[in-house]
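This report refers to the structure that appears directly beneath it.
These values consider heavy atoms only, across backbone and side chains, with no hydrogens, waters or symmetry-generated copies. Since the model is a prediction, treat every value here as computed from it, not as a measurement.
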Amino acid sequence: MLKFFRVALQVCYLYLFALLGNILVKWLHLPISGSIIGLFIVLALLHFKVLKLSAVELGAGFLMSEMLLFFIPSAVAIIQYKDEIIQHGSQFLIVILLSTITVMIVTGLVAQFSIRRLANKKGEIGK
Amino acid sequence: MIAFICILLTVLVYLLSKQLYKKIKFAFLSPLLIAPCILSSMLVGFHINYSDYDSGGRWLSNMLQPAVVGFAIPLYKFRKVMKKYAKIIVVSMSAGVTIAILSSGVFSHIVKLNDNYLLSLLPRSITTPIAMAVSVDIGGMPTMTAIFVIVTGITGLILGPMIIRYLHIKEKLAKGLLLGMGAHGAGTSKALEFGSEEGAAASLAMVLAAIFTLVFAPILTPLILL
């Protein structure tokens with residue numbers, strides 16, 4: 001029960017940082033979303049030891065592990081677009097499928113190739 | 001009242017589909033695919049308007065904001081690794097973002113979608129609020145973009161692990177970047193299932209993909225429309 005309250009409190013903390021981010025975005029007319037600004041604020045506060053890791057770790061862990069739940073309402077929203085989906089659904093799906101596969105293959109291979117090259121270089125220097 | 005019932009129902013269906021997924025472990029049974037299907041058929045079956053459902057659903061969607069803030073924690077924990085591989089991360093993400101925008105455009109041309117849909121598809125591989133902002137910026141339809149973002153998430157969540165297996169990608173950093181780049185937050189939640197290091201890499205990929213897309217999309221869009 002105690003753990004439940006700690007998680008809930010930490011989720012509130014994180015929410016406050018997101019709200020703070022939203023306010024900054026509005027004031028400064030930033031092109032980024034408030035939650036990403038909030039992420040950088042928390043990162044900075046952790047870095048400068050203003051915020052302790054233990055003050056947000058549990059809440060963040062909970063939110064991240066149940067994140068799929070928060071995507072569900074936006075996925076249900078698809079039913080509002082019946083006409084578009086009946087008309088173009090298969091085209092959308094083909095584009096998204098092929099493009100996502102391409103992006104993942106390219107990103108994964110570029111990263112893997114560069115990591116291995118770096119490892120090799122270091123190996124040679126080691127010799 | 002309806003809002004509260006919708007929240008409760010969504011959580012219940014989510015927990016059930018998560019249990020089912022745990023038992024059967026079949027990628028196509030992901031809770032992000034099954035739960036929305038069950039919920040939409042319930043809405044249609046019981047004649048509930050989406051706007052009524054969303055009066056509750058909105059509260060759950062809102063929780064994505066603190067969840068994104070929460071990605072600061074894995075990033076902070078693995079900051080040394082991230083620093084060490086900074087160059088590799090920037091190179092891989094630039095490649096990923098460029099390919100995401102160009103391939104969405106090229107494939108849209110191939111299946112003969114009109115420019116309105118094409119432009120709405122371009123920013124689909126990044127987190128929703130920024131994807132919608134980019135969509136407005138380049139002349140797309142932000143609500144359609146939001147739909148494409150969620151479909152991308154579901155697709156990447158299911159196909160990501162298969163691609164990792166098929167390409168024999170062993171490096172944790174590469175796995176995380178692939179998932180966070182290809183499927184934003186949904187991919188990042190999958191990366192966290194792999195491990196905390198993969199999760200940190202995916203969180204970083206998600207954030208960088210969003211920022212890079214803000215810069216790259218307006219530059220690449222005229223090329224695609226040629």
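Interface remark: B/L177 contributes backbone and side-chain atoms alike to the contact with chain A (heavy atom separation under 4.5 Å). Only the side chain of B/Y85 comes within contact range of chain A, with heavy atoms under 4.5 Å apart. Residue contact with chain A, scored on non-hydrogen atoms closer than 4.5 Å, is absent for B/A146. Contact of A/I79 with chain B is made through the side chain alone, with heavy-atom distances under 4.5 Å. Both the backbone and the side chain of B/A183 come within less than 4.5 Å of a heavy atom in chain A. Neither the backbone nor the side chain of B/S17 comes within contact range of chain A; no heavy atom of the residue lies under 4.5 Å from a heavy atom of that chain. In this structure, the portion of A/S65 lying under 4.5 Å from any heavy atom of chain B is its backbone and not its side chain. For B/I169, the parts sitting under 4.5 Å from any heavy atom of chain A are the backbone and the side chain alike. Contacts between A/L16 and chain B at a heavy-atom distance below 4.5 Å are absent for every atom of the residue. For a residue to count as touching a neighbouring chain, one of its non-hydrogen atoms must lie under 4.5 Å from one of that chain's; by this rule B/L214 touches chain A with the side chain only. Contacts of B/D137 with chain A are absent, with no heavy-atom separation under 4.5 Å from either backbone or side chain. Proximity to chain A (any heavy atom under 4.5 Å) is shown, for B/F148, by both the backbone and the side chain. Residue A/I37: no heavy atom, backbone or side chain, is found under 4.5 Å from chain B. For a residue to count as touching a neighbouring chain, one of its non-hydrogen atoms must lie under 4.5 Å from one of that chain's; by this rule B/I150 touches chain A with the side chain only. For a residue to count as touching a neighbouring chain, one of its non-hydrogen atoms must lie under 4.5 Å from one of that chain's; by this rule B/L33 does not touch chain A. Using a 4.5 Å cut-off between heavy atoms, B/K87 does not touch chain A at all. A/V106 touches chain B through its side chain: at least one heavy atom from C-beta onward sits under 4.5 Å away, while N, CA, C and O do not. Contact annotation for A/F40: only side-chain heavy atoms (C-beta onward) come within less than 4.5 Å of a heavy atom of chain B. For A/I94, the part sitting under 4.5 Å from any heavy atom of chain B is the side chain, from C-beta outward, and nothing else. Interface residue A/Q112: backbone and side-chain heavy atoms are both found under 4.5 Å from chain B. For a residue to count as touching a neighbouring chain, one of its non-hydrogen atoms must lie under 4.5 Å from one of that chain's; by this rule B/K175 does not touch chain A.
Minimum interatomic distance between A/V103 and B/S103 (heavy atoms only, all atoms of both residues): CG2-OG, 4.2 Å. B/G96 and A/T107 make their closest contact through CA-OG1, 3.4 Å (heavy atoms, listed as atom of the first residue, atom of the second, distance). B/A95 approaches A/V110 most closely through the heavy-atom pair CB-CG2, 4.2 Å. Taking every heavy atom of both residues into account, B/A72 and A/L39 meet most closely at CB-O, 3.5 Å. Scanning all heavy atoms of the two residues, the minimum distance from B/P66 to A/A18 falls at N-CB, 4.3 Å.
Note that CE of A/M104 is 9.5 Å distant from CE of B/M181, once rounded to the nearest 0.5 Å. Here the NZ atom belonging to B/K84 is positioned 7.0 Å from the CG atom belonging to A/L118, to the nearest 0.5 angstrom. Atoms CZ and CD1, on A/R116 and B/I88 in that order, are 12.0 Å from each other to the nearest 0.5 Å. Rounding to the nearest 0.5 angstrom, the gap separating the CG atom in B/L15 from the CG atom in A/L69 is 7.5 Å. A distance of 11.0 Å separates CZ of A/F113 from OG of B/S92, quoted to the nearest 0.5 Å. In this structure, CG in A/L46 is found 6.0 Å from CD1 in B/I73, a value given to the nearest 0.5 Å.
No side-chain heavy atom of A/F70 sits under 4.5 Å from any side-chain heavy atom of B/Q65. Side-chain contact between B/P74 and A/M64 is present, with at least one heavy-atom pair separated by less than 4.5 Å. You'll find the side chain of A/I72 stays beyond 4.5 Å of the side chain of B/V13, heavy atoms only. For the pair A/I115/B/K170, no side-chain contact is recorded, criterion being any heavy-atom separation below 4.5 Å from C-beta on. Here the side chains of B/Y76 and A/V42 are not in contact, with every heavy-atom distance at 4.5 Å or above.
The choice from A/G38, A/S35, A/A60, A/G21 that makes the most heavy-atom pairs within less than 4.5 Å of chain B is A/S35. Between chain A and the residues B/P36, B/G199, B/A186, the most heavy-atom pairs under 4.5 angstrom are made by B/P36. In terms of heavy-atom pairs under 4.5 angstrom with chain A, the leader among B/L157, B/T127, B/T128, B/I130 is B/I130. Of the listed residues A/L68, A/L19, A/L53, the one with more heavy-atom pairs under 4.5 angstrom with chain B than any other is A/L68. Of the listed residues (B/V97, B/V69, B/V151, B/T10), the greatest number of heavy-atom pairs within a distance under 4.5 Å of chain A belongs to B/V69. When B/G156, B/G153, B/S94, B/G176 are compared by the number of non-hydrogen pairs under 4.5 Å with chain A, B/G156 comes out ahead. The residue among A/L98, A/T102, A/I36 with the most heavy atom pairs within less than 4.5 Å of chain B is A/L98. Interface check for chain A: of the options B/T152, B/V134, B/L39, B/T98, the most heavy-atom pairs under 4.5 Å are formed by B/T152. Per-residue counts of heavy-atom pairs under 4.5 Å with chain A were compared for B/L159, B/I110, B/L113, B/L167; the largest is that of B/L113.
Under the 3.5 Å distance criterion, with hydrogens and angles disregarded, a donor-acceptor pair is assigned to the side chains of A/E66 and B/Y14. In the model, A/S99 has a side-chain atom that pairs as donor or acceptor with a side-chain atom of B/S104 under 3.5 Å.
By the 6.0 Å contact criterion, OH on A/Y13 is open, its count of non-hydrogen atoms from other residues, nucleotides or ligands being 12 or less. Environment of CZ in A/R117: sparse, with no more than 12 heavy atoms of neighbouring residues, nucleotides or ligands closer than 6.0 Å. Applying the 6.0 Å contact sphere to CZ of B/R79 captures more than 12 heavy atoms from other residues, nucleotides or ligands. More than 12 heavy atoms of other residues, nucleotides or ligands lie within 6.0 Å of NE2 in B/H109, so this atom counts as buried by the packing criterion.
With ring centers used as reference points, B/Y117 lies under 6.0 Å from A/H88.
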Checklist line | side-chain contact (heavy atoms from CB on, under 4.5 Å) between B/R124 and A/T100, worked out | finding: CA-CA 9 Å; B/R124 56 160 194 89; A/T100 302; 3.2 Å; yes
Check: Yes or no on side-chain contact (heavy atoms from CB on, under 4.5 Å) for B/I154 and A/F71, after CA distance, side-chain angles and deciding distance?
Finding: CA-CA 10 Å; B/I154 299 171; A/F71 281 113; over 6 Å; no
Item checked: Intermediate values then yes/no, side-chain contact (heavy atoms from CB on, under 4.5 Å), B/N62 and A/Y15 -> CA-CA 9 Å; B/N62 257 334; A/Y15 207 106; 3.5 Å; yes
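Side chain of A/Q91 to main chain of B/V111: a donor-acceptor pair is present (N/O by atom type, distance under 3.5 Å, no hydrogens or angles).
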